[in-house]
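Beneath this line is the structure, given in structure tokens, with notes to follow.
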Amino acid sequence: QVQLVESGGGLVQSGGSLRLSCAASGFTFNNYGMNWYRQAPGKERELVAFISSSGAYTDYPDSLKGRFTVSRDNAKNMLYLQMNSLKPEDTAVYFCSARTGLTPIYWGQGTQVTVSS
């Protein structure tokens with residue numbers, strides 16, 4: 001069974017940091033680029049970060065560059081998102097996904113991140 005399981009979410013103060021993890025199983029993890037998305041209540045799902053299958057390159061929305069860093073450990077089938085200088089507007093459910101080309105094909109269940117003021 002293909003699984004993507006996010007963890008590491010929780011409550012953090014504004015200005016704090018948090019690292020999210022995504023554990024992958026049931027597919028050849030190192031063949032797929034990976035994305036992080038987030039969705040806040042009443043908002044559309046938003047792309048947060050992309051990382052290539054090898055981890056050699058990454059991309060982020062301009063608004064998040066310098067605060068969020070995506071990484072992966074292919075030997076452990078793990079994806080990470082380091083979030084620094086967190087703001088209340090970062091409050092959302094964060095999802096990891098696997099993609100082939102530009103198309104997401106697998107999704108995790110999400111982990112809640114809440115940033116207090």
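Residue indices begin at 1 and follow the sequence shown.
One distance of note links CE of Met78 with CE of Met34; it measures 10.5 Å at 0.5 Å rounding. From Leu18, atom CG reaches atom CD of Gln13 across 12.5 Å, with rounding to the nearest 0.5 Å. The CD atom of Glu6 sits 4.5 Å away from the CD atom of Gln109 when rounded to the nearest 0.5 Å. Expressed to the nearest 0.5 Å, how far CE of Met83 lies from CG of Leu64 amounts to 10.5 Å. Going from atom OG of Ser25 over to atom CG of Leu4 covers 7.5 Å, rounded to the nearest 0.5 Å. The distance from atom CZ of Arg38 to atom CG of Leu20, rounded to the nearest 0.5 Å, is 11.0 Å.
Between the side chain of Arg72 and the backbone N or O of Asn74 there is no donor-acceptor pair closer than 3.5 Å. Under a 3.5 Å cut-off, the side chain of Thr114 and the backbone N or O of Leu11 do not form any donor-acceptor pair. In this structure, Ser52 contributes its side chain and Tyr57 its backbone to a donor-acceptor pair below 3.5 Å.
Donor-acceptor pairing under 3.5 Å is lacking for the side chains of Ser53 and Asn30. Looking only at atom types and distance, the side chain of Glu44 has no donor-acceptor partner in the side chain of Gln39 under 3.5 Å away.
Using a cutoff of 4.0 Å between basic side-chain nitrogens and carboxylate oxygens, Asp90 and Lys87 are not scored as salt-bridged.
In this structure, Phe50 and Val70 have side chains that are not in contact, with every pair of non-hydrogen atoms separated by 4.5 Å or more. Within the 4.5 Å cutoff, side-chain heavy atoms of Leu79 are placed close to those of Ile51. Between Ser116 and Pro88, every side-chain heavy-atom pair lies at or beyond the 4.5 Å cut-off. Counting heavy atoms from C-beta on, the side chains of Trp36 and Ser97 never come closer than 4.5 Å.
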Side chain to side chain contact (heavy atoms under 4.5 Å, CB included) assessment of Leu47 paired with Asn35:
CA-CA 7 Å; Leu47 180 67; Asn35 292 149; 3.8 Å; yes
Tell me, with the steps shown, if Ser71 and Gln82 meet side chain to side chain contact (heavy atoms under 4.5 Å, CB included).
CA-CA 8 Å; Ser71 61; Gln82 179 67 45; over 6 Å; no
Test side chain to side chain contact (heavy atoms under 4.5 Å, CB included) on Ser7 and Thr111; report intermediate values, then the result.
CA-CA 6 Å; Ser7 62; Thr111 186; 5.6 Å; no
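Classified by interplanar angle (parallel below 30°, tilted 30° to 60°, perpendicular above 60°), the ring pair Trp107/Tyr37 is tilted. Ring geometry for Tyr106 versus Phe27: interplanar angle of 30 to 60°, hence tilted.
Leu81 and Tyr32 end up in the same hydrophobic cluster when Ile, Leu, Val, Met, Phe, Trp and Tyr side chains are linked at under 4.5 Å.
Heavy-atom neighbours of Lys65 NZ from other residues, nucleotides or ligands within 6.0 Å: above the threshold of 12.
Partners of Phe29 under the ring-ring contact (aromatic ring centres under 6.0 Å, His included) rule, at least two apart in sequence or in another chain, do not exist in this structure.
Residues in residues 59-94 take part in no ring-ring contact (aromatic ring centres under 6.0 Å, His included) pair, two or more places apart or across chains. Sorted by first and then second residue, the disulfide bond (SG atoms under 2.5 Å apart) pairs involving residues 39-72 (not counting sequence neighbours) form an empty list.
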